[in-house]
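Quick notes on the structure that follows.
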Amino acid sequence: MLLALKDVFVHYHKVAALQGVTMDLEEGGFVTLIGSNGAGKSTTLRAVSGLVHPSQGEIAFDGKEIHRSPPDRILRMGIAHVPEGRRVFPGLSVIENLYTGAYVRKDKEQIEKDLEKVYASFPVLGQRMGQLAKTLSGGQQQMLAIGRALMAKPRLLMLDEPSLGLAPLIIKEIASILSKINEDGVSVILVEQNAELALELAQYGYVLETGRVALEGEAGGLMNNEHVRRAYLGI
Ligand code: ATP
């Protein structure tokens, strides 16, 4: 198992954001976390990337405990997190933003090759490499945020609501790139409000409700599940 969460609790002061979350991800897998606002999806990603620490439970990556590790060590181990709201550095250029993603690496030649790969996935970033990030459109900034995460050469890429506020055409483009990234061997955890999109892309899904896994299963099965259809697909 590449990633395993076992009975994870996270508290923000007295608020229990996660109340015993257990989930697994195989190497090369693509899972999605769906659920309504406040269900604990972002907190799950934050716990994996070390931005918050569980008050109880365990998180293991590649067989090693990571739930007490700081975020930079977790990034070095191969977990990259694209947070909600595409927080790129607005005053840095596209290429400078991309290089910040590689700050944990020393393999200069490979970094250059990975930069070319990012430009191949997102041609618009190559065309605008000298432009300040703040001058990009929302969709382009999301692409930059994903590209920057890829520059860390992650084994696991976690994305929080990449489709938020974007036009359907851009969402489609980003979705197909995520599939491609996964086909290239990077494991993916996708947090999405857009459950339909998420279940189309992922192989397996977890439905979070008030900090707990209410339901899990193959994405196709969840898509046909009565509760999921009513609560999250609006059918
Ligand atoms: P959203 O899509 O709105 O981000 P989510 O499913 O990602 O929802 P979380 O953001 O993980 O949910 O929030 C889980 C719970 O923790 C919610 O009750 C939320 O109010 C609370 N929470 C989140 N962040 C904090 C914080 N920094 N301080 C206090 N409570 C928080």
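By convention here, the first residue in the shown sequence is residue 1. Whatever order the structure lists them in is the order used to number ligands and atoms, beginning at 1.
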Quiz item: Non-hydrogen atoms of G211 versus ligand 1: any pair closer than 4.0 Å?
Solution: no
Quiz item: Between the side chains of D160 and S42, does any donor sit under 3.5 Å from an acceptor?
Solution: yes
Quiz item: Given L208, T210, T43, L45, which has its nearest heavy atom closest to atom 13 (O) of ligand 1?
Solution: T43
Quiz item: Would you call K153 and D107 a salt bridge, taking side-chain N to carboxylate O under 4.0 Å as the test?
Solution: no
Quiz item: Does some non-hydrogen atom of the protein lie less than 4.0 angstrom from atom 20 (O) of ligand 1?
Solution: no
Quiz prompt | Closest approach of any protein heavy atom to atom 29 (C) of ligand 1, naming residue and atom | solution = Y12 CB, 3.3 Å
Practice problem: Note the single closest protein heavy atom to atom 16 (O) of ligand 1, along with its residue, its atom name and the distance in Å. | Solution: A17 CB, 3.3 Å
Self-check item: Mode of E84 contact toward ligand 1 - side chain, backbone, both, neither (heavy atoms, under 4.0 Å)
Solution: side chain
Quiz prompt | Flag, side chain of E192 to backbone of S163, donor-acceptor distance under 3.5 Å | solution = yes
Quiz item: Nearest heavy atom to atom 8 (O) of ligand 1: which of A16, G38, G85, A47 does it belong to?
Solution: G38
Practice problem: Say whether A39, considering both its backbone and side-chain N or O atoms, lies within less than 3.5 Å of an N or O atom on ligand 1. | Solution: yes
Quiz item: So which heavy atom on K41 is nearest to which on S36, and how close?
Solution: NZ-O, 3.0 Å
Exercise. Measure the distances from the heavy atoms of H13 to every atom of ligand 1 and state whether one is below 4.0 angstrom.
Key: no
Quiz item: Are T100 and R148 side-chain neighbours, meaning at least one heavy-atom pair lies under 4.5 Å?
Solution: yes
Self-check item: R46 contact mode with ligand 1 (heavy-atom cut-off under 4.0 Å)
Solution: neither
Practice problem: Run the salt-bridge test on E65 and R68 with the 4.0 Å N-O cut-off and return the result as yes or no. | Solution: yes
Quiz item: Numbering the atoms of ligand 1 from 1, which are under 4.0 Å from a heavy atom of E161?
Solution: 2 (O)
Exercise. Name the closest protein heavy atom to atom 4 (O) of ligand 1, giving the residue it belongs to and the distance to 0.1 Å.
Key: S42 OG, 3.2 Å
Quiz prompt | Identity of the nearest option to atom 3 (O) of ligand 1, non-hydrogen atoms only, from L18, N37, I34 | solution = N37
Exercise. Only counting residues at least two apart or in another chain, list the ones meeting side chain to side chain donor-acceptor pair (under 3.5 Å) with D184.
Key: K180
Quiz item: Short question: side chain of N97, backbone of L92 - any donor-acceptor pair under 3.5 Å?
Solution: yes
Exercise. Determine whether more than 12 heavy atoms belonging to other residues, nucleotides or ligands lie under 6.0 Å from atom CZ of R105.
Key: yes
Quiz prompt | N/O separation below 3.5 Å, G40 to ligand 1 | solution = yes
Quiz item: Numbering the atoms of ligand 1 from 1, which are under 4.0 Å from a heavy atom of Q193?
Solution: 2 (O)
Practice problem: Please report the closest heavy-atom contact between Y12 and V52, naming both atoms and the distance. | Solution: CE2-CG1, 3.8 Å
Quiz prompt | Element-labelled atoms of ligand 1 that are located less than 4.0 Å from some non-hydrogen atom of S36 | solution = 6 (O)
